[in-house]
Amino acid sequence: MSAVPEDIAAHAAVLQRDALVLSECVERLRAIEARLEEAGAAPPWLRDSVRAHLAACAAASADVAEAAAWLRRYAAVTLPGERPARF
């Protein structure tokens, strides 16, 4: 990765969009989970699988959003005279 602030910020923006996509996936999986519960006919392993994927997507979304935030901070640190109070 380049140490150019604009490049770092661009990487952060990509990660932020990825976090959004993952959070949208969480919402879709929640809707699937609700429909499965409503129908009551899905086997337990399918409901468990959906819940596991939902949890994994939620965790990944949070982790990727945090990485984006750290990259934005790093981009700010690389700007002359723009050092944040705590990095």
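Nothing fancy with the numbering, it's 1 onward along the sequence.
- Rounded to the nearest 0.5 angstrom, Ser23 OG and Arg28 CZ are separated by 9.0 Å.
- Put simply, Leu22 and Ile32 are part of two different groups of oily side chains (I, L, V, M, F, W, Y) that touch within less than 4.5 Å, one to the next.
- The CG atom of Asp63 sits 11.5 Å away from atom CG of Leu15, with the distance rounded to the nearest 0.5 Å.
- When all heavy atoms of Gln16 and Ala68 are compared, the closest pair comes out as OE1-CB, 3.6 Å.
- Closest non-hydrogen pair, Val26 versus Ala58, comes out as CG2-N, 3.4 Å.
- In this structure, the separation between CG on Asp18 and OG on Ser61 is 10.0 Å, given to the nearest 0.5 Å.
- With rounding to the nearest 0.5 Å, the separation of CG in Leu36 from CG in Leu46 is 5.0 Å.
- The pair Glu33-Arg30 does not count as a salt bridge, with every side-chain nitrogen at least 4.0 angstrom from each carboxylate oxygen.
- Between the side chain of Arg47 and the backbone N or O of Ala42, at least one donor-acceptor pair lies under 3.5 Å.
- Closest of all the heavy-atom pairs between Leu29 and Val50 is O-CG1, 3.7 Å.
- In this structure, the separation between CD on Glu27 and CG on Leu54 is 8.0 Å, given to the nearest 0.5 Å.
- You'll find the side chain of Arg51 reaches within 4.5 Å of the side chain of Asp48, heavy atoms only.
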